[in-house]
A.B. asks: 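I'd like to ask some things about the structure below.
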Amino acid sequence: MVSTGSTHDWTYAPAPESRSVVDIKESYGLFIDGEFTDGTGTSFKSINPATEEVLAEVAEASEADVDRAVKAARRAYTRVWSRMSGAERAKYLYRIARIIQERGRELAVLESIDNGKPIKESRDFDVPTAAAHFFYYAGWADKLKYAGYGETPLGVAGQVIPWNFPLLMLSWKIAPALAAGNTVVLKPAETTPLTALLFAEICQQAELPPGVVNIVTGAGDTGRSLVSHSDVDKVAFTGSTEVGRAIARAVAGTDKKVTLELGGKAANIVFDDAPIDQAIEGIVGGIFFNQGHVCCAGSRLLVQESVADEVMERLKRRMSTLRLGDPLDKNTDVGAINSGEQLTRIRELAGVGDAEGAERWEVACDLPTKGYWFPPTVFTGVSQAHRIAREEIFGPVLSVLTFRTPAEAVEKANNTPYGLSAGVWTDKGSRILSIANQLRAGVVWANTFNKFDPTSPFGGYKESGYGREGGRHGLQAYLKGER
Amino acid sequence: MRRFLHGLPGVEQVGEEARAAGLGTRSIKTTAKAQALDLAIRMVDLTTLEGSDTPGKVRALSSKAMRPDPADPTCPATAAVCVYPDMVAIAKETLGDSGVNVAAVATAFPSGRAALDIKLADTRDAVEAGADEIDMVIDRGAFLSGRYKAVFDEIVAVREACARPDGDSAHLKVIFETGELQTYDNVRRASWLAMMAGAHFIKTSTGKVQPAATLPVTLVMLEAVRDFRDSTGHMVGVKPAGGIRTAKDAIKYLVMVNEVVGGDWLDPDWFRFGASTLLNDLLMQRTKMTTGRYSGPDYFTLD
Amino acid sequence: MARIDVRKTYKLYIGGQFPRSESGRSYVVNDAKGKLLANAALASRKDARDAVVAARKAFGGWSGRTAYNRAQVVYRIAEVLEGRREQFEAELRAAEGISPAKARTYVDAAIDRLVWYAGWADKLTQVVGNANPVAGPYFNLSTPEPSGVIAVVAPNGPLLGLVSVVAPLIVTGNTVVVIASEAHPLTAITLGEVMATSDLPGGVVNVLTGHQAEIAPWLASHMDVNGIDLTGVTDVELATELEAAAAENLKRVRRPSPDEDWLAEPGLERMTAFQETKTVWHPIGV
């Protein structure tokens with residue numbers, strides 16, 4: 001029996017998930033009207049952010065391609081999907097949910113390769129939650145009259161999703177749309193198109209009628225063509241506030257219904273009576289989950305001054321146990337930054353933190369030489385005036401601010417144009433309810449953080465966007481009726 | 001005392017359990033696994049605590065503790081055998097100077113329902129018979145009725161009873177019976193109470209009450225010893241006992257130790273498993289690692 | 001000799017006060033026959049700005065009141081309006097040249113609408129909120145909350161139209177800056193007098209009179225306004241401009257509704273259009 005090192009130094013051996021479950025093609029076309037077709041535009045490369053390896057060539061949908069997709073969706077809407085009974089639509093959605101579960105490992109590995117997120121997250125969170133969304137909304141398809149938003153679908157939905165949770169955001173968009181009787185044209189993010197294209201294959205396996213789901217890959221231009229297409233009745237977008245603003249402007253004066261899920265700069269408020277070990281977990285999970293590529297990330301830690309030192313000490317100790325590296329290693333906690341572009345932005349804003357006088361502390365770890373990496377980082381001595389306390393970094397960077405009283409905590413938490421989420425940690429029940437009431441945010445996690453569920457509405461206040469996804473509320477975005 | 005214990009930070013049950021479950025998903029392979037299996041064997045307090053225990057049973061168990069896998073001389077011995085006080089002399093005789101300790105449960109184990117002088121006599125008996133370690137139970141009735149001082153004083157008294165004439169002392173493990181304390185808040189309070197009273201080790205369970213050791217309960221106790229060292233400089237050991245039956249489970253505990261309190265505790269002096277059937281599964285996994293094929297129970301002794 | 005009327009000066013209603021326009025401007029409001037009714041204040045962008053400040057200041061207190069209390073205040077507006085119904089009937093007839101019967105119908109409907117909405121204050125949460133059965137040990141509750149400060153371009157109906165757009169906003173806890181009908185602004189100010197004497201805190205409703213095309217863009221682009229209701233905008237181009245301007249801070253926008261039947265029961269939509277859903281999670285453990 002070989003024993004390496006002393007008992008005091010126990011190093012985990014690599015535990016890589018097998019890549020052999022996925023079969024990545026050299027090139028991908030668009031999924032329109034139930035078939036993969038060549039685009040008429042150029043193509044782009046999808047890259048593994050952990051290695052910079054080119055994974056596949058993907059077609060960039062032109063305006064004509066988008067038009068073709070919207071026409072296919074319209075045809076499917078008029079001839080098939082809007083005429084089908086809810087009960088039958090439900091069965092397709094249940095089928096899709098089941099196939100996602102059956103091909104779960106394949107989807108998880110592909111997601112981790114294309115996105116850079118740790119396999120334990122894609123395997124235990126992204127994929128199961130995606131399946132759960134389809135399963136949940138499948139059940140609504142034949143029960144719409146009880147939901148309170150009428151039973152009339154809008155028509156064709158143009159949906160644009162981000163790269164942070166590619167398959168999960170796809171399911172947040174497609175499941176309620178289809179359940180309500182709409183057909184969709186969805187554009188995945190240009191850095192993470194592969195699971196959406198595998199999802200297209202799943203639609204084929206489920207024998208979903210052609211045109212009900214269409215996937216057009218591409219970048220900003222493709223997205224613009226889609227949301228401004230005159231025959232799109234509904235626009236659903238998740239992404240940056242900047243693009244969300246542009247979409248809101250573009251649909252002005254039209255009849256298009258819009259939901260926008262945009263940025264955030266969530267406050268995670270820790271009081272001196274917090275359940276401290278769980279609060280530390282919540283802080284860590286709040287900002288380092290998915291490399292901080294989370295719109296509702298708890299990127300502003302507001303800690304009561306009386307416990308600030310203790311919290312920081314515990315936080316740093318806990319952060320030191322985070323394992324950064326190969327996304328496919330089952331023990332990896334922090335994976336790769338999704339793209340070179342995003343890495344540049346994170347570095348830039350972290351640099352601003354330095355320049356503005358905040359104190360940077362980062363986990364001492366060897367970053368892989370290839371790929372896009374950023375170590376888990378904390379800035380202390382941050383005030384509301386710092387840019388790193390105001391701008392969404394969308395990376396593994398936490399800004400720490402202190403407060404003295406509950407009123408000050410609320411004031412600082414709300415002092416942002418965003419309003420997506422917030423966290424509050426205290427053992428005092430009445431304080432939780434009071435703070436939760438005062439926080440201007442669409443999701444408030446008390447003594448927990450970053451929890452999601454298909455039954456639970458999600459969405460922001462203020463510049464974090466409008467509309468809700470998930471739960472009964474999520475149906476409203478895809479139905480004509482009012483309540 | 002009450003004010004201090006109730007001033008400790010609360011434990012949020014769901015978050016605590018989620019953290020434990022998260023650590024449980026670590027995948028320990030190849031060299032790391034081999035290392036873990038040997039370490040786990042060295043941490044076992046091989047236990048028999050039955051009314052039907054006999055000298056023959058205890059001798060056999062002691063032999064097994066010294067040579068868990070007779071076919072493989074590289075296989076390490078366990079940390080200790082754990083028996084009732086009246087079996088200490090038998091175990092000591094068999095174990096000799098093998099380095100395997102004798103641990104005795106005392107203080108009216110497992111319920112702890114006896115007068116203090118009886119508990120102390122029980123302890124002294126075991127120490128006199130040669131016990132290296134005493135596993136005492138706290139008075140859960142006193143704890144749950146808020147008489148923390150009584151529990152504290154009893155631990156102090158038992159620790160004094162652990163003293164040997166030569167000025168040395170048997171090591172004291174304090175069993176909480178976490179299944180009866182019910183809440184993690186109680187486990188955290190009991191941990192601090194026992195550590196302040198001078199426990200060398202804090203231990204989850206007697207094995208006679210369900211649930212016995214669990215990952216989250218052990219996590220609470222690990223957090224307590226970590227925080228206790230931070231504030232006093234003293235290191236206290238942790239022993240989950242009862243219900244840990246597979247190598248896979250044991251490795252989850254080691255991962256937890258490694259990531260919550262760090263390598264300092266990855267040592268039989270600071271972490272133990274109270275178990276009986278666990279050892280054979282560790283041995284089977286160990287054999288699988290060396291031979292490359294799965295083994296079966298027939299190839300390991302049942303003692 | 002006939003007695004000389006004491007005429008009323010129509011001013012703005014901002015922060016519970018009745019100031020003149022800071023610009024010192026006014027415009028002529030004629031009756032249905034083209035005869036001078038009064039000079040109305042011609043609100044400027046600065047008046048709009050002051051109104052937003054007043055509405056923001058009132059928001060915390062108003063939205064923090066119990067729903068029951070907001071219901072009572074809105075009901076109180078109905079009570080006071082009922083007591084002054086003759087004045088309103090007369091004003092409507094003068095402004096719009098409608099028959100006494102029609103004026104009565106509108107006043108009745110306006111009062112009844114206030115009563116209808118008042119009742120919603122403590123029921124909407126129950127109807128649009130949800131307990132969500134999440135797959136895990138968590139308590140999870142979604143409740144509606146007001147969006148904040150809402151700008152409203154009121155429709156032409158001087159009383160019923162105005163009440164129909166303002167009541168659903170305030171009963172749910174929003175505060176409002178409303179641009180009254182440009183053609184018939186006077187009733188709006190008289191309604192302001194009713195609100196000012198109905199326990200409605202100052203700043204919850206702020207009424208501006210003047211040119212829609214002049215004031216509305218300032219409200220649409222105002223970064224401290226959370227939503228805009230374009231109900232009364234009839235110029236399609238202006239509506240598009242306002243919606244585009246509102247995008248700057250992602251205002252919730254309610255598009256114009258030119259064919260709305262103001263006598264029909266409204267439904268929930270005017271309330272829910274300016275509500276946010278807040279979902280609060282807490283673990284369940286011992």
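First the proteins, then the strands, lettered A, B, ... as listed; each starts at 1. Hydrogens, waters and symmetry mates are skipped; everything else that's a heavy atom, side chains included, is used.
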A.B. asks: In Å and rounded to the nearest 0.5 Å, what is the OG to NZ distance from A/Ser434 to A/Lys428?
C.D. replies: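 Here the interatomic distance stands at 9.5 Å.
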A.B. asks: Among C/Leu250, C/Leu141, C/Thr240, C/Leu242, single out the residue with the greatest number of heavy-atom pairs under 4.5 Å to chain A.
C.D. replies: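 Looking at each of C/Leu250, C/Leu141, C/Thr240, C/Leu242 in turn, C/Leu250 comes out on top.
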A.B. asks: Side chain, backbone, both or neither: which part of A/Gln278 has an atom under 4.5 Å from a heavy atom of chain C?
C.D. replies: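 Contact with chain C involves no heavy atom of A/Gln278 at all.
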A.B. asks: Can you tell me which portion of A/Leu433 sits under 4.5 Å from chain C's heavy atoms? Options are side chain, backbone, both or neither.
C.D. replies: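 Neither part.
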A.B. asks: Contact part of A/Arg245 toward chain C, heavy-atom cut-off under 4.5 Å: side chain, backbone, both or neither?
C.D. replies: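 When you check distances to chain C, atoms from both the backbone and side chain of A/Arg245 fall under 4.5 Å.
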A.B. asks: State plainly whether the residues A/Lys265 and A/Glu391 are in salt-bridge range, i.e. N to O under 4.0 Å.
C.D. replies: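 A/Glu391 and A/Lys265: not salt-bridged.
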A.B. asks: Side chain, backbone, both or neither: which part of A/Pro457 has a heavy atom under 4.5 Å from chain C?
C.D. replies: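 A/Pro457 touches chain C through backbone and side-chain heavy atoms alike.
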A.B. asks: With a 4.5 angstrom heavy-atom cut-off, is it the side chain or the backbone of A/Ala422 that approaches chain C, or both, or neither?
C.D. replies: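 No part of it gets close to chain C.
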A.B. asks: For C/Leu268 and C/Leu124, what are the C-alpha separation, side-chain angles and deciding distance, and is it a side-chain contact (heavy atoms from CB on, under 4.5 Å)?
C.D. replies: CA-CA 8 Å; C/Leu268 303 189; C/Leu124 190 70; 4.1 Å; yes
A.B. asks: Rounded to the nearest 0.5 Å, what separation is found between the OH atom of A/Tyr418 and the SG atom of A/Cys296?
C.D. replies: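 Separation between the atoms: 13.5 Å.
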A.B. asks: Which region of A/Thr254, side chain (C-beta onward) or backbone (N, CA, C, O), has a non-hydrogen atom less than 4.5 Å from a non-hydrogen atom of chain C, or is it both or neither?
C.D. replies: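 For A/Thr254, the contact with chain C is made by backbone and side chain together.
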A.B. asks: Near A/Phe289 CZ, under 6.0 Å, is it more than 12 heavy atoms from other residues, nucleotides or ligands?
C.D. replies: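 Counting neighbours around CZ of A/Phe289, more than 12 heavy atoms of other residues, nucleotides or ligands fall under 6.0 Å, so yes.
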A.B. asks: Output the option from A/Phe458, A/Tyr136, A/Phe452 having the highest count of non-hydrogen pairs under 4.5 Å with chain C.
C.D. replies: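 Top option by heavy-atom pairs under 4.5 Å: A/Phe452.
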A.B. asks: Does any heavy atom of chain A fall under 4.5 Å from the side chain of C/Met223, the backbone, both, or neither of them?
C.D. replies: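 Side chain only.
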A.B. asks: Are A/Lys462 and C/Ser147 linked by a side-chain donor-acceptor pair shorter than 3.5 Å?
C.D. replies: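 Per modelled atom types, A/Lys462 and C/Ser147 side chains form no pair under 3.5 Å.
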A.B. asks: Under a 4.5 Å heavy-atom cut-off, does chain A meet the side chain of C/Asn226, its backbone, both or neither?
C.D. replies: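 For C/Asn226, the side chain is the part near chain A, not the backbone.
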A.B. asks: Nearest 0.5 Å, what's the CZ-OG distance between A/Arg468 and A/Ser456?
C.D. replies: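 Here the interatomic distance stands at 10.5 Å.
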A.B. asks: For C/Val236, is it the side chain, the backbone, both or neither that has a heavy atom under 4.5 Å from a heavy atom of chain A?
C.D. replies: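 Contact with chain A is absent: no heavy atom of C/Val236 under 4.5 Å.
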A.B. asks: Below 4.5 Å from any heavy atom of chain A, which atoms of C/Tyr138 appear? Answer side chain, backbone, both or neither.
C.D. replies: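 C/Tyr138 touches chain A through side-chain heavy atoms alone.
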A.B. asks: With a 4.5 angstrom heavy-atom cut-off, is it the side chain or the backbone of A/Leu262 that approaches chain C, or both, or neither?
C.D. replies: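 Just the side chain, heavy atoms under 4.5 Å.
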A.B. asks: Identify which part of C/Ala239 has an atom lying under 4.5 Å from any heavy atom of chain A, answering side chain, backbone, both or neither.
C.D. replies: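 For C/Ala239, no heavy atom lies under 4.5 Å from chain A.
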A.B. asks: C/Glu248 versus chain A, heavy atoms under 4.5 Å apart: side chain, backbone, both or neither?
C.D. replies: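 Looking at C/Glu248, backbone and side chain both touch chain A.
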A.B. asks: Please identify which of these residues, C/Val152, C/Thr231, C/Leu230, meets the side-chain contact (heavy atoms from CB on, under 4.5 Å) condition with C/Arg254.
C.D. replies: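 Of the listed residues C/Val152, C/Thr231, C/Leu230, the side-chain contact (heavy atoms from CB on, under 4.5 Å) partner of C/Arg254 is C/Thr231.
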A.B. asks: Given that the side chain runs from C-beta out, which part of A/Val424 has a heavy atom under 4.5 Å from chain C: side chain, backbone, both or neither?
C.D. replies: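 Contact with chain C involves no heavy atom of A/Val424 at all.
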A.B. asks: Closer than 3.5 angstrom, by distance alone: can the side chain of C/Asn174 be matched with the main-chain N or O of C/Gly148 as a donor-acceptor pair?
C.D. replies: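 Yes, the answer is positive, given that a donor and an acceptor are paired below the 3.5 Å cut-off.
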A.B. asks: Determine the option with the most heavy-atom pairs under 4.5 angstrom with chain C, choosing from A/Gly244, A/Gly471, A/Gly460.
C.D. replies: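 Option with the greatest count: A/Gly460.
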A.B. asks: For the residue pair C/Glu145 and A/Tyr461, confirm or rule out a side-chain donor-acceptor distance under 3.5 Å.
C.D. replies: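 Looking only at side-chain atoms, A/Tyr461 and C/Glu145 do form a donor-acceptor pair, the distance falling under 3.5 Å.
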A.B. asks: Below 4.0 angstrom, N of the basic side chain to O of the carboxylate: do A/Arg440 and C/Glu276 qualify?
C.D. replies: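 C/Glu276 and A/Arg440: not salt-bridged.
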